[in-house]
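In what follows, chains carry the letters A, B, and so on, assigned in the order in which the sequence lines appear, proteins first and then strands, with residues in each chain numbered from 1. In this text the structure is predicted, and so the values were computed from the model without any measurement.
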2 protein chains.
Amino acid sequence: MSNQDPPGHSGRPGAEGAWDATLSRHRSRNRERIAATAMELIGEHGLAHVSMSSLAERAGVSRATLYHYFPDLDHVLLAWVELQVDRFVSRVELLAGAEPDPRARLTLIIAQLTDYFASRDHRLGLEQLGTLAVAPVTARAVAERMSPLMELVSDCLRTGQKMGQFRPELDPEVHASLILGLLGAMRPHLVSGRYAPGGAARAVSSLVLEGVTRR
Amino acid sequence: MSNQDPPGHSGRPGAEGAWDATLSRHRSRNRERIAATAMELIGEHGLAHVSMSSLAERAGVSRATLYHYFPDLDHVLLAWVELQVDRFVSRVELLAGAEPDPRARLTLIIAQLTDYFASRDHRLGLEQLGTLAVAPVTARAVAERMSPLMELVSDCLRTGQKMGQFRPELDPEVHASLILGLLGAMRPHLVSGRYAPGGAARAVSSLVLEGVTRR
DNA sequence: GCGCACTATAGACAGTCTGTATACTTTCTG
DNA sequence: CAGAAAGTATACAGACTGTCTATAGTGCGC
């Protein structure tokens, strides 16, 4: 899937055409920087109060340039989600790729996600974007970009089921989103410092593992 | 706590002064109708694409009148959350008030929340408002309005701990928000029809109860 | 029955934001 | 160096915001 949108702005978030030209390193770095700036702003003022204009100003780029990079604000979010998910998934795959035991794998994924949430205190959690803030088209597109992360978890659950460790009756997809929801709910407590990342990871892991384990 | 804002618009979401005049039945019904309309619109287009103007139009009210009721869109959401939480909490208290057993109480609350989410398919889940969509002040105010719901759950957990049924080491407040987060994550699956409310409630209950029960 | 306070509305205002377009300058690349 | 791509300035119509003033409708006590 294309990581970028053509400057011509192919259209709605869900279905951008592949842009076969290779983007310069500079351009893609700029895209990333702008997206990160957008998330900073959103964290400060809330999505509803962030404009393309203020983003252009904060990112130190002209408004015209901004529209060169993204057709609208929704696409900025989309790019950000895609970036974060890609990065996160490849990191976890690096760490947990060799781990055959589903329980250990799941624990590791949860620990990594907790770390992720805890380290980006003032930034935003991935999970908070698939919501009612943006247009439904965008929400669907966000969900789609999230799917590699979902699959990371649901695959793990499926393997556990096949190996007889996890309950056969649970739906791996549904449970995967429950686990991510759980982590999202934990985020405020991580950010506030009420829970240390380690403690949070343990709490979520134990909740999840006990709910998932075959008795 | 005041359910309304004075027409003079006292200021920021967090701290509106008490407005001691009694509001006419008509006025408070109108407020409610407008808030519900706002949520409809947000569900259709996403918060970022809903304006006071479009809300006025859809609600069949002039823009000036809208500004008479609410100082801005954030306050509309706030009013809606307060209404829903009040309604939900009093309903659960009616149903579960007499139930002394924490496990049964928790199960009932979860079932009620699942029903709530399932019945309002195209509307919005309560949980999706405490996010990055609105200004941080508003987000805090929303969290505050959510607290009766939170307390419903955390009280239940505390009682269970005192009675020795639930693990003493878990933090009731944190766990309460985890449970609500879990329910929020279940909502899309309820809406999509993938899970029947009963099944969802059972899935969440079992996940929660097993994670919570003292071994 | 009358006036008064409250409520609703209309219309206007300056200011901001959007998305688009055109045309100019800078920077990269072959 | 020439041509392409990226970035910029500027302008535009249309929409939205929040505020204001003035006007019309409503319910209530006296």
Side-chain angles (χ1 to χ4, degrees), chain A residues 4-13 16 19-34 37-38 41-42 45-79 133-135 137-138, chain B residues 4-13 16 19-34 37-38 41-42 45-78 134-135 137-138:
Chain A
Q4 322 291 353
D5 296 325
H9 303 336
S10 63
R12 303 278 71 230
E16 50 261 1
W19 191 27
D20 36 14
T22 342
L23 280 175
S24 71
R25 192 148 216 77
H26 170 256
R27 186 170 168 86
S28 84
R29 254 206 305 266
N30 241 12
R31 257 180 85 89
E32 184 169 345
R33 192 177 56 79
I34 291 172
T37 309
L41 271 177
I42 291 174
H45 305 118
L47 174 62
H49 302 287
V50 171
S51 64
M52 288 291 265
S53 300
S54 57
L55 174 53
E57 194 181 355
R58 173 76 80 96
V61 100
S62 83
R63 212 164 64 82
T65 307
L66 186 50
Y67 277 103
H68 260 302
Y69 280 91
F70 303 98
D72 54 34
L73 199 53
D74 281 6
H75 279 81
V76 183
L77 305 190
L78 227 44
V134 292
V137 226
T138 312
Chain B
Q4 322 292 352
D5 296 325
H9 302 334
S10 62
R12 302 279 70 230
E16 50 262 359
W19 191 29
D20 38 14
T22 343
L23 279 176
S24 70
R25 191 151 215 77
H26 170 257
R27 185 170 168 85
S28 83
R29 254 207 304 266
N30 242 12
R31 258 181 84 88
E32 184 169 345
R33 193 179 55 79
I34 291 172
T37 310
L41 270 177
I42 291 174
H45 306 118
L47 174 61
H49 302 286
V50 171
S51 62
M52 288 290 263
S53 300
S54 58
L55 174 53
E57 193 181 357
R58 173 75 82 95
V61 100
S62 82
R63 214 164 63 83
T65 307
L66 187 50
Y67 277 103
H68 258 303
Y69 279 92
F70 303 99
D72 54 35
L73 198 54
D74 281 6
H75 278 82
V76 183
L77 304 189
L78 227 44
V134 291
V137 226
T138 312

* **Contact check, side chains of B:Leu47 and A:Leu47, non-hydrogen atoms, under 4.5 Å** => no

* How close or far is atom P of C:dC17 from atom CG of A:Leu66, stated in whole angstroms? -> 13 Å

* To do: Indicate yes or no for a side-chain donor-acceptor contact from A:Arg33 to the backbone of A:Ala59 under 3.5 Å, with no hydrogens or angles considered.
  => yes

* Between A:Ala64 and B:Ser62, which is nearer to the 5' end of DNA chain C once each is assigned its nearest nucleotide? -> B:Ser62

* Hey, are the side chains of B:Phe70 and B:Arg31 touching, using non-hydrogen atoms and a 4.5 Å cut-off? -> yes

* What distance do A:Leu73 atom CG and A:Leu78 atom CG have between them, rounded to the nearest 0.5 Å? -> 11.0 Å

* Structure fact -> The nucleotide from C:dT9, D:dT19, D:dT8 with an atom nearest the side chain of B:Tyr67 is D:dT19

* Structure fact -> Ordered by number, residues from residues 49-56 of chain A within less than 4.0 Å of DNA chain C (heavy atoms) are A:Ser51, A:Met52, A:Ser53

* Asked: So does A:Arg63 reach the base of D:dG7 with its side chain, donor to acceptor, closer than 3.5 Å?
  -> no

* May I have the distance from B:His45 (atom NE2) to D:dC16 (atom P), rounded to whole angstrom? => 12 Å

* Structure fact -> note: B:Arg29, atom CZ; C:dA8, atom P; distance rounded to Å ~ 12 Å

* Structure fact -> From CG of B:Asn30 across to C1' of D:dT26 the rounded distance in Å is 14 Å

* Asked: Which value, rounded to the nearest 0.5 Å, describes the distance between A:Glu32 atom CD and A:Thr37 atom OG1?
  -> 10.5 Å

* What is the distance from CG of A:Leu73 to P of C:dT18, rounded to the nearest Å? -> 8 Å

* To do: Report the distance from atom OH of B:Tyr69 to atom P of C:dT7, rounded to the nearest whole Å.
  => 8 Å

* To do: Measure the NE2-OG1 distance between B:His68 and B:Thr65 for me, rounded to the nearest 0.5 Å.
  => 6.5 Å

* Whole Å only: how far is the CD1 atom of A:Ile34 from the P atom of D:dT8? -> 9 Å

* **Atom pair distance, as rounded to whole Å: CZ in A:Phe70 and P in C:dT18** => 15 Å

* Asked: So, do A:Thr138 and A:Leu77 sit near enough that their side-chain heavy atoms are less than 4.5 Å apart?
  -> no

* To do: Choose from D:dA9, C:dT9, D:dG18 the nucleotide whose nearest atom is closest to any side-chain atom of B:Asp72.
  => D:dG18

